[in-house]
Amino acid sequence: MKDFQPIIKKIVNEAKRQTDKGKVANYIPELSNIDPNKFGICILDNNGVEYKAGDSNEQFSIQSISKVLSLSMAFSMIGEDLWKRVGVEPSGDPFNHLSLLEMENGIPRNPLINAGAIVISDILISNLKDPKSDFLKYVQGIANDPSISYDEKVAESEKRTGFRNYAAAYLIKSFGNLENDVETVLDFYFHSCSIKMSCEQLVKVFYIFMNRGNCLQNNNYLKLPQVKRINAIMLSCGFYDEAGEFAFEVGLPGKSGVGGGIVALLPNTFCVATWSPGLNKKGNSKLGMLALEKLTTDTGLSIF
């Protein structure tokens, strides 16, 4: 197996030399205070060997990266019925766009845009006894790490400012695609986005998508066809209206969040997470995108 350590050290050094680090998200007030100079990277290979550099053990708000985890939990619970309520096509629109929802009768394009994740949240609320606690335990269980938690300040900050998410949820509800009341669904949704993790913790959770549905402890969380579907959705929809660019530049299934995190994977080979809070115009980590392009180009490892 390749020794990733010298490669990621070089990537961190190059990232630190960049003068344009992007802009830290400010529409969620709690996220606007993060130091834009932070940069971390961690790789976990298929033998369980970890390579890390920079601020890889510092926790940050994973935001939309959590949408993959809520999707995997819902998919494992209700199976193919999930696709009756949410599609699998790239939206080609920003993550919080509403126009397609109106045209497509309240069926979100895919589970990785806000509207889709709101429907997934509704499914989990209908199927879990204590949704917020059960979802957190699910994530902690995969990582074998009970220290993973919600950031209540971020959840509250999102609740106060998430007007577009309220608009999307009420629009979906008007088409009959939400079973539970909007407040309950959005409370769960905001909490799921507020989970804090480091790059090191993220690669342990996303190991299941690299390792045929099995975590590092070899517990099975997903069937192989489900892993295939989720990885396909990450490749085509994981970066909002920049998904094609990410596939073109990096060539891995992955998911970004406005907290500056990106996680990506090469099935049966490795999982990688980067964190750099400055975002590009599409809402993806500017240095994270550069770092992952460099990683797959320098190693020659991608799905293509």
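Relative orientation of the F190 and Y166 rings is tilted, given thresholds of 30° and 60° on the angle between their planes.
Under the 3.5 Å distance criterion, with hydrogens and angles disregarded, a donor-acceptor pair is assigned to the side chains of Q63 and S61. A donor atom on one side chain and an acceptor atom on the other are found under 3.5 Å apart for E179 and S126. For the 3.5 Å distance criterion, the side chains of Y240 and S64 qualify, holding a donor opposite an acceptor. Checking Q201 against D145 by side-chain atom types alone, a donor-acceptor pair falls below 3.5 Å. Remark: the K294 side chain and the T297 side chain contain no N/O donor-acceptor pair separated by less than 3.5 Å. Remark: the S70 side chain and the Y189 side chain contain no N/O donor-acceptor pair separated by less than 3.5 Å. In summary, the side chains of N284 and S256 do present a donor paired with an acceptor at a separation below 3.5 Å, with no hydrogens or angles considered. Using a 3.5 Å distance cut-off with no hydrogens or angles, the side chains of D45 and T269 do not pair a donor with an acceptor.
Follow the hydrophobic side-chain contacts under 4.5 Å out from I107 and you never reach I120; the two are in separate clusters. Both L128 and Y221 sit in one connected hydrophobic cluster of ILVMFWY residues. Membership requires side-chain heavy atoms under 4.5 Å apart, directly or through other members.
Salt bridge absent: D181 and K173 never bring a charged side-chain N and a carboxylate O closer than 4.0 Å.
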Return a table of donor-acceptor pairs under 3.5 angstrom between the side chains of residues 7-23 and protein atoms on other chains or two or more places apart.
unit_1 : atom_1 : unit_2 : atom_2 : d
N13    : ND2    : K9     : O      : 3.3
D20    : OD1    : G22    : N      : 3.0
K21    : NZ     : Q18    : O      : 2.8

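P131 and F188 get closest at one heavy-atom pair: O-CE1, 3.4 Å.
Rounded to the nearest 0.5 angstrom, K281 NZ and D241 CG are separated by 13.0 Å. Residue K228 holds its NZ atom at 14.0 Å from CG of L222, rounded to the nearest 0.5 Å.
Here ring pair (Phe, Tyr, Trp, His ring centres under 6.0 Å) pairs that include residues 271-298, with residues two or more places apart or in two chains, are F60-W275.
By the side-chain contact (heavy atoms from CB on, under 4.5 Å) test, N268 pairs with R212, sequence neighbours left out.
Side chains of P36 and P277 form no contact here, defined as non-hydrogen atoms less than 4.5 Å apart.
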Legend entry - salt bridge (charged side-chain N to carboxylate O under 4.0 Å, His left out) evaluation trace for E158 with R160: CA-CA 5 Å; E158 292 197 52; R160 282 197 313 271; over 6 Å; no
Legend entry - side-chain contact (heavy atoms from CB on, under 4.5 Å) between F270 and L295, intermediate numbers included: CA-CA 12 Å; F270 70 86; L295 175 69; 4.0 Å; yes
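Counting heavy atoms of neighbouring residues, nucleotides and ligands inside a 6.0 Å radius, atom CZ of F248 does not exceed 12 of them.
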